[in-house]
Amino acid sequence: MSKEVTLETLTSLAKRRGFVFQASEIYGGLAGFWDYGPYGVELANNLKQLWWRAIVFENREIFGVDGAIIQNPRLWKASGHVAGFTDPMVEDTKNGKRYRADHLAGIDSTDLEVLRELLKGKKSPDGNPLSEPRVFNMMMKTWVGPIESDDSVAYLRPETAGSIFTNFENVRETTRSKIPFGIAQIGKAFRNEISPRDFIFRVREFEQMEMQYFIHPDDQKTQYERWREFAYTFLTDRLGIAAENLQWHEHGADERAHYAAAAHDIYYKFPQGFKELWGTHNRTDFDLKSHMAESKKDLTYFDEATRERFMPNVIESSVGLSRILLATLLDAYTEEKVGDETRVVLKFAPAVAPVKVAVLPLSKKPELSVLSDKVYTQLVRSTGYNIEFDDTQSIGKRYRRQDEIGTPYCVTIDFESLNDGCVTVRERDSMDQKR
RNA sequence: GCGGGUGUCAUAUAAUGGUUAUUAUCCCAGUUUUCCAAACUGGUGACGUGGGUUCGAUUCCCUCCACCCGCACCA
């Protein structure tokens, strides 16, 4: 398995094969935004579906929601994002390096006036004068309603978790759930990253797959371990990602998010090194407590059995779709030597492969083309798979194309044997398969 | 955002201040073929954007945009 692929190579491969295109490419693109092509969207859908099945369908106490992207701005005040996503920064006026103003001042405050006073006359770590502190807001802003005014400001959600917490009571009530139970969501989120980087690794518009699991405070440790385990086995067993490309990383106190008491990330061996893929965080009661304070609605839980009222704690399992898709692509990437040529094959696990079956004709008869449409429809309906059906003449070329995207099963149809829309299929040896 | 690098068909590339911008793969058409990344013939397709210098710019200069590498940032 060749792992020496660079992001640059993968970017052009992804484009050539129709996985990922630059957003608004004909206008020169826009940094941090990417579009999925025909194969990319199938791959993404497979990943989402596998995750959803594993987490929602296979756990009877976990339910799905699909929240709005724009929520009441107070939600982001309560979640800490208005404060936490708004960083005061200063620049070294000589070399342009940028620093967090509060870090340089050595205080835990984002008050611009306070910071300005403290930093007066201070030099940068390189000994140069500093600029005035300025605010960088990571949340994307918009206006609700036709008038742009301060009253109508809203934000595109910087994470999907918000609407899970605000719907905690709604879901508990309608599903008649008892603690522990979970709420899962797949959806888009937006962040004004200062510098989007590394293909689709760090982007400004992204899709999160995450689940918040509401538990009794005493169960933090066991549930934390449970969801760490879930993430790892999902990657290895269901997506077929090689274990040697995965690594655990525990967040130190200084790198944890504002809400987390403990955090373990699974890192994947991306070309730029081991980087974050899937986070399991202990959010404690931070979110429900904050939303209870801001909304003045009671979000505590009463356990009928133990006659105990408590604030549920939360274990979060969160993974970015584009990152998991990138990891899947990288893990499938294989170079093979054929003669003195090197060819690229994407060896996907059958479950994630964008095209499950490639149907290739044994011979071409123009009068059979209507029949082949019928056969195609039949096959797709009966299998539920995305099938590539090919009745063009360039048979040899098509084989190459099918194989390049790692279609797990290839089927050849003998058109001569077609009779009343029935088809005799002769199975070819499947592609190299993982798992 | 800073520093460095790179932008030529879909992809990988060659060359050039001046006639029709090279090659391979892909794609399209035809011929052939009971195939397992076949062959032959023909064809479509490119100088990132805007400006400047110049008789003439894909080439030289500048702006912007995008991507890659390093730094910083990453609730």
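Letters go in sequence order (proteins before strands), and every chain restarts at 1.
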Please give, in whole Å, the distance from [N] [atom2] to [X] [atom1]?
X: A/F19; N: B/U11; atom1: CZ; atom2: P; result: 16 Å
X: A/R16; N: B/U25; atom1: CZ; atom2: P; result: 14 Å
X: A/Q272; N: B/A72; atom1: CD; atom2: P; result: 15 Å
X: A/E193; N: B/C71; atom1: CD; atom2: C1'; result: 16 Å
X: A/M138; N: B/G1; atom1: CE; atom2: P; result: 14 Å
X: A/E276; N: B/C73; atom1: CD; atom2: P; result: 16 Å
X: A/E25; N: B/A46; atom1: CD; atom2: C1'; result: 13 Å
X: A/L75; N: B/A75; atom1: CG; atom2: C1'; result: 15 Å

Only counting residues at least two apart or in another chain, list the ones meeting salt bridge (charged side-chain N to carboxylate O under 4.0 Å, His left out) with [X].
X: A/R74; value: A/E294
X: A/E210; value: none
X: A/K221; value: none

[M] and [N], which share atom name [atom1], separated by this distance in whole Å:
N: B/U8; M: B/C60; atom1: P; value: 14 Å
N: B/C55; M: B/C64; atom1: C1'; value: 29 Å
N: B/U6; M: B/G48; atom1: C1'; value: 12 Å
N: B/C69; M: B/U11; atom1: C1'; value: 22 Å
N: B/U13; M: B/G7; atom1: C1'; value: 13 Å
N: B/C67; M: B/A15; atom1: P; value: 27 Å
N: B/G56; M: B/C73; atom1: C1'; value: 47 Å
N: B/U22; M: B/G18; atom1: P; value: 15 Å

Dump every N/O contact between nucleotides 63-68 of chain B and the protein below 3.5 Å, one line per pair.
| unit_1 | atom_1 | unit_2 | atom_2 | d |
| --- | --- | --- | --- | --- |
| B/C65 | O2' | A/G28 | O | 3.1 |
| B/A66 | OP1 | A/A31 | N | 3.1 |
| B/A66 | O4' | A/G28 | O | 3.2 |
| B/A66 | O3' | A/Q22 | NE2 | 3.0 |
| B/A66 | O2' | A/Q22 | NE2 | 2.5 |
| B/C68 | OP1 | A/F199 | N | 2.8 |

Distance-only side-chain donor-acceptor flag, A/N282 / A/N313, under 3.5 Å: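 The answer is no; no qualifying pair exists.
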Quick one: do A/F201 and A/F270 satisfy ring-ring contact (aromatic ring centres under 6.0 Å, His included)? Show the steps, please. CA-CA 9 Å; A/F201 181 82; A/F270 292 102; 5.0 Å; yes
Would you please name every residue forming a side chain to side chain contact (heavy atoms under 4.5 Å, CB included) with [X], sequence neighbours left out?
X: A/R226; result: A/N59, A/E61, A/Y213, A/Q223
X: A/E207; result: A/K48, A/I186, A/K188, A/L321
X: A/F63; result: A/V171, A/T175, A/S177
X: A/E193; result: A/M138, A/R191, A/R202, A/R204

Respond yes when some side-chain nitrogen or oxygen of A/S12 is under 4.0 Å from OP1 or OP2 of B/A12, and no when none is.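 Yes, within the criterion.
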Taking 4.0 angstrom as the limit, do A/E159 and A/R283 come out as a salt bridge?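 A salt bridge links A/E159 with A/R283.
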How does RNA chain B look in dot-bracket notation if pairs are Watson-Crick or G-U with both distances under 3.5 Å, crossing ones as [ ], other-strand ones as |? (((((((..(((.....[....))).(((((.......)))))....(.(((..]....))).))))))))....
Go through B/U11, B/A75, B/C74 for me and flag the one nearest to the A/K15 side chain.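 Out of B/U11, B/A75, B/C74, the nucleotide with an atom closest to A/K15's side chain is B/U11.
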